[in-house]
Amino acid sequence: MKETEFVIQLGTVDRIREIHARNRGRIISFVVQYETLWHDNWLVVIRYDSSHGFAHRDQYDVRVRSIKTPLLALDYNQALTFAEFDLKANWQVYRERFFKGE
């Protein structure tokens, strides 16, 4: 098993953090999350992960409320690819919704 971890800076106060474990080319666990810096703390805005035994997305707001959405049709490889693409393409929209409480 090989574990990989990295951060993609999106600006001075926004980043994507990813951790995934791979075995023989297959993703066996992952976390990909978009975070924003607020009052010297990194807050999770959107997190895709495989905890609880299934791929899902957690969407947060500034009051730390969350909505969990399962990604039922995707295996972990597909879910990881989707999560990376979604966060890179939509982080600005997610940031705005986060601070509006949506």
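Any value given below was found using the heavy atoms of this structure, including those in side chains, with hydrogens, waters and symmetry copies removed.
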Solution key, residues 22-30 side-chain donor-acceptor pairs under 3.5 Å, sequence neighbours excluded:
none

key: Derivation of the side-chain contact (heavy atoms from CB on, under 4.5 Å) call for Thr36 and Phe98   = CA-CA 10 Å; Thr36 192; Phe98 177 80; 4.2 Å; yes
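- Applying the ring pair (Phe, Tyr, Trp, His ring centres under 6.0 Å) test to His39 and every residue at least two apart in sequence or in another chain returns nothing.
- Expressed to the nearest 0.5 Å, how far CZ of Phe99 lies from CG of Asp61 amounts to 10.5 Å.
- Partners of Val93 according to the side chain to side chain contact (heavy atoms under 4.5 Å, CB included) rule, which considers only residues two or more places apart in sequence or in another chain, are Arg97.
- Val13 shares a hydrophobic cluster with Leu37, Trp42; the chain of contacts runs through ILVMFWY side chains whose heavy atoms sit under 4.5 Å apart.
- Residues Asn90 and Tyr34 have side chains that never bring a donor and an acceptor to within less than 3.5 angstrom of each other.
- Taken from CD1 in Ile16 to CD1 in Ile46, the straight-line distance is 11.0 Å, to the nearest 0.5 Å.
- Thr81 pairs by the side chain to side chain contact (heavy atoms under 4.5 Å, CB included) definition with nothing, not counting sequence neighbours.
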task = Starting from the C-alpha separation in whole Å, work towards a yes-or-no answer on side-chain contact (heavy atoms from CB on, under 4.5 Å) for Gln59 and Thr69.
result = CA-CA 8 Å; Gln59 179 176 342; Thr69 306; over 6 Å; no
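- Pairs of residues two or more places apart, or lying in two chains, that qualify as salt bridge (Lys or Arg N to Asp or Glu O under 4.0 Å) and include a residue from residues 66-75 are Asp58-Lys68.
- Across every non-hydrogen atom of Leu74 and Phe82, the tightest pair is CD1-CB, 4.2 Å.
- For Tyr76, there are no side-chain hydrogen bond (donor to acceptor under 3.5 Å, both in side chains) partners, not counting sequence neighbours.
- Applying the side chain to side chain contact (heavy atoms under 4.5 Å, CB included) test to Thr4 and every residue at least two apart in sequence or in another chain returns Lys2, Phe6, His20.
- Residues meeting the side chain to side chain contact (heavy atoms under 4.5 Å, CB included) test with Glu84, sequence neighbours left out: Glu18, Leu80.
- The structure places CG of Leu87 at 9.0 Å from CD1 of Ile8, a figure rounded to the nearest 0.5 Å.
- Of all the heavy atoms in Met1 and Ala21, the pair that sits closest is SD-CB, 3.9 Å.
- Residues Leu71 and Ile19 are members of separate hydrophobic clusters, defined by side-chain heavy-atom contacts under 4.5 angstrom among Ile, Leu, Val, Met, Phe, Trp and Tyr.
- Ser51 pairs by the side-chain hydrogen bond (donor to acceptor under 3.5 Å, both in side chains) definition with Asp49, not counting sequence neighbours.
- Considering only residues two or more places apart in sequence or on other chains, Arg17 meets the side-chain hydrogen bond (donor to acceptor under 3.5 Å, both in side chains) condition with Glu35.
- In this structure the side chain of Tyr60 never reaches within 4.5 angstrom of the side chain of Leu43, judged on heavy atoms.
- Taking all atoms of both residues into account, the shortest heavy-atom contact from Val45 to Arg95 is CG1-N, 4.4 Å.
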